[in-house]
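Below is one structure, written out as structure tokens, with a few remarks after it.
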Amino acid sequence: MTERVVIDTRDEYLRAVEKIAGGHGPVAVDAERASGFRYSQRAYLIQIFRRGAGVFLFDPPAIGSFDELQAVIASEEWVLHAASQDLACLREVGLDPTTVFDTELAARLLGLPRVGLGTVVEDKLGIVLRKEHSAADWSTRPLPDSWLEYAALDVELLVDLRDELAADLVAADKVEIARQEFEATVARPERAARVDPWRKLSGIHAVRGGRGLSIARELWETRDALARERDVAPGRLIPDSSIVAAVRTQPTTLHALATQKDFSGRASRSEIDRWWAAIERGRTTTDPPPTRGTGETLPPPRSWADRNPDADARLKTARPLLIERAEELQLPVENLLTPDFLRRLAWTPPDPITDETVSEVLEQLGARPWQIDATAQLIAQAFVDPHQAPLDGESDAS
């Protein structure tokens, strides 16, 4: 096993940048975070590989600015696997590509049944990658040698994999589709902060009434503030299930909360005063949250038959047509068109419904030109006659 060394000083970093500049061809990039352990989504390890230069493992918290590396590789093609997962933490340290080749996205567009890095590498390169460290706490220092070897292999094979997939895209006549998708990945803006983020609490659907929602909101926001302060994943303080359990029982004393068995978690007792204060605020607030959310998202399709029967008919008619089209193109239907785009169109269609007006709405939503060309006419036809019988197997929860 080749020794892997983490670069954690400015001098070592600058020497590595010089070597990378002397390499040739695309630059493979990967990042490891500490999701599930830390509150932040920052990168705790950044891996770089370039032919003629080698593999480099950088410690972002120790190095700080990556401006010099950005200047060297900004104009090169970056090869990443599932680029959308890493771009935010890379940009946080000043690494921002202009062109990418996303090996996961390429695998999806080629219709591969499984698109995880290990599976695609084994399928295309015949090499088996061990993935036992994918969910590790990468904020650990020092990083074990086995983790470093894992991290290096993740990036060392990416350029070879890129070449194999690029050839397959040519053979499948999907080069232009891939180009548009890769460009969209780079151009996609960061997701706006969610209004009422506490409503993503797992199990919130079971909470009824303003008081219960108030307690859930206060507990979630209290946990979030503490997690941010300590840079700990919120669920490691108290899990969502504990918040829901407290909402369900609504204990009337601190002792009752402290002795509640299903109110658990590493900070459930050490911060009991904090949780109790949150419950008290939720119980006594004069400004409870509305029972329904802010309307950021559409109602679940399973409820459409009662709430908006016309939209339900439009969705159930169009969805099978898109599935059939995706099968023709040999790619997943969610890559043919983002499911939320179809739902939004079905809920509020343009007036009049034509190929052109549907195309305009899809473009506004963010669909790529190839997606519009492949779907707009089908959707318009389905919406004009939305009560034709859907194909067999179409479910209410499409």
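Counting from 1, the numbers follow the sequence of the chain as shown.
Proximity of a side-chain donor or acceptor of R50 to a complementary backbone N or O of A28 within less than 3.5 Å is not detected. Side chain of R162 to backbone of V79: no donor-acceptor contact under 3.5 angstrom is found. K174 contributes a side-chain N or O that, together with a main-chain N or O of L329, makes up a donor-acceptor pair within less than 3.5 Å. Checked by atom type and distance alone, the side chain of T357 never pairs as donor or acceptor with a backbone atom of P350 at under 3.5 Å. The main-chain N or O of G210 is found under 3.5 Å from a side-chain atom of S214 such that the two form a donor-acceptor pair. Judged by distance alone, with hydrogens and angles left aside, the side-chain atoms of E122 form no donor-acceptor pair with the main-chain N or O of I127 at under 3.5 Å. The backbone N or O of A151 sits less than 3.5 Å from a side-chain atom of Q47, completing a donor-acceptor pair. Using a distance-only test at 3.5 Å, with no hydrogens or angles considered, a donor-acceptor pair links the side chain of R266 to the main chain of R236. Panel note: side chain Q371, backbone R368; a donor-acceptor pair is recorded below 3.5 Å. Not one N or O on the side chain of R314 forms a donor-acceptor pair closer than 3.5 Å with the backbone of A382.
A salt bridge links R51 to D163: at least one charged side-chain nitrogen sits closer than 4.0 Å to a carboxylate oxygen. In this structure, R307 does not pair ionically with D312, as no charged nitrogen and carboxylate oxygen lie closer than 4.0 Å. Between R141 and D8 there is no salt bridge, since no side-chain N of the basic residue sits under 4.0 Å from a carboxylate O of the acidic one. A salt bridge does not link K124 to D160: none of the charged nitrogens lies less than 4.0 Å from a carboxylate oxygen. The existence of a salt bridge linking E18 and R15 is excluded, since no basic side-chain nitrogen approaches an acidic carboxylate oxygen closer than 4.0 Å.
Closest heavy-atom contact between L213 and P289: CB-CG, 3.7 Å. For the pair G52 and H24, the tightest heavy-atom approach, listed with the atom from each and the gap, is N-NE2, 3.9 Å. Closest of all the heavy-atom pairs between A43 and P61 is O-CD, 3.9 Å. The two residues S35 and Q41 make their nearest non-hydrogen contact at OG-OE1, 2.9 Å. The shortest non-hydrogen separation linking V27 to I73 is CG2-CG2, 3.9 Å. Residues R4 and A152 share a closest heavy-atom pair of NE-CB, 3.4 Å.
Under the 4.5 Å side-chain criterion, counting only non-hydrogen atoms from C-beta, F263 is not in contact with P251. Counting heavy atoms from C-beta on, the side chains of I7 and L57 never come closer than 4.5 Å. Side-chain contact between P97 and L87 is present, with heavy atoms from C-beta onward closer than 4.5 Å. Annotation: side chain of T249 is in contact with side chain of Q260 (closest heavy-atom distance under 4.5 Å). With contacts defined as side-chain heavy-atom distances shorter than 4.5 Å, the pair D30/I46 does not qualify. Proximity of L345 to I379: side-chain heavy atoms (C-beta onward) are separated by under 4.5 Å at one or more points. No side-chain heavy atom of F49 sits under 4.5 Å from any side-chain heavy atom of F56. Side-chain contact between W138 and F37: absent, with no pair of heavy atoms (C-beta onward) separated by less than 4.5 Å.
Here the OG1 atom belonging to T9 is positioned 7.5 Å from the CD1 atom belonging to I63, to the nearest 0.5 angstrom. Atom-to-atom distance recorded for I243:CD1 and W275:CH2 is 7.5 Å, nearest 0.5 angstrom. Going from atom CD of Q85 over to atom CG of L90 covers 11.5 Å, rounded to the nearest 0.5 Å. Here E327 contributes atom CD and E324 contributes atom CD; the two are 7.0 Å apart, rounded to the nearest 0.5 Å. Note that the CG atom of L237 and the CG atom of L226 stand 5.0 Å from one another [nearest 0.5 Å]. Rounding to the nearest 0.5 angstrom, the gap separating the CD atom in E156 from the CG atom in L129 is 10.0 Å.
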After noting the C-alpha distance and the side-chain angles of L254 and L257, does the key distance pass the side chain to side chain contact (heavy atoms under 4.5 Å, CB included) rule?
-> CA-CA 5 Å; L254 185 151; L257 176 65; 5.7 Å; no

Dump the intermediate steps for side chain to side chain contact (heavy atoms under 4.5 Å, CB included) on T99 and E183, then the final yes or no.
-> CA-CA 7 Å; T99 307; E183 287 185 355; over 6 Å; no

Is there a side chain to side chain contact (heavy atoms under 4.5 Å, CB included) between I204 and V244 once you walk through the steps?
-> CA-CA 7 Å; I204 192 69; V244 174; over 6 Å; no

Could you walk me through whether L165 and F101 pass the side chain to side chain contact (heavy atoms under 4.5 Å, CB included) check?
-> CA-CA 10 Å; L165 294 173; F101 188 104; 4.1 Å; yes

Before giving the answer on side chain to side chain donor-acceptor pair (under 3.5 Å), spell out for T285 and D287 the whole-Å C-alpha distance, their side-chain angles and the decisive distance to 0.1 Å.
-> CA-CA 5 Å; T285 183; D287 184 27; 5.7 Å; no

Where do R223 and D240 land on the salt bridge (charged side-chain N to carboxylate O under 4.0 Å, His left out) test, with the steps shown first?
-> CA-CA 10 Å; R223 182 186 67 174; D240 286 4; 2.9 Å; yes

Passes side chain to side chain donor-acceptor pair (under 3.5 Å), T222 versus R281? Steps please.
-> CA-CA 11 Å; T222 298; R281 289 194 300 273; 2.9 Å; yes

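Checking each of L315, V333, L362 against L342 for a side-chain contact (heavy atoms from CB on, under 4.5 Å) leaves exactly one that passes, namely L315. Partner V100 forms a side-chain contact (heavy atoms from CB on, under 4.5 Å) with one of V29, L105, V186 and no other, that one being V186. With I215 as the partner, the side-chain contact (heavy atoms from CB on, under 4.5 Å) test is satisfied by one option alone out of E218, R217, R211: R211.
When the shell of 6.0 Å around CD of E363 is examined, it contains 12 or fewer heavy atoms from other residues, nucleotides or ligands. Around the CD atom of E190, the shell of radius 6.0 Å holds no more than 12 heavy atoms that belong to other residues, nucleotides or ligands. Heavy atoms of other residues, nucleotides or ligands lying less than 6.0 angstrom from CD of Q330 number 12 at most.
In the model, D340 has no side-chain atom that pairs as donor or acceptor with a side-chain atom of T338 under 3.5 Å. S139 and R38 form a side-chain donor-acceptor contact under 3.5 Å, judged by distance and modelled atom types alone. Checking R228 against S40 by side-chain atom types alone, no donor-acceptor pair falls below 3.5 Å. Side-chain atoms of Y13 and E68 include a donor-acceptor pair closer than 3.5 Å. Residues E360 and Q364 have side chains that never bring a donor and an acceptor to within less than 3.5 angstrom of each other. For the residue pair E181 and W370, a side-chain donor N or O sits within less than 3.5 Å of a side-chain acceptor on the partner.
Judged by a 6.0 Å distance limit and a 45° cone about the ring axis, R42 is positioned over the six-membered ring of Y44.
No chain of hydrophobic side-chain contacts below 4.5 Å, direct or via other Ile, Leu, Val, Met, Phe, Trp or Tyr residues, connects Y39 to W198. When hydrophobic clusters are built by joining Ile, Leu, Val, Met, Phe, Trp and Tyr residues whose side-chain heavy atoms come closer than 4.5 Å, directly or via intermediates, V6 is grouped together with I48.
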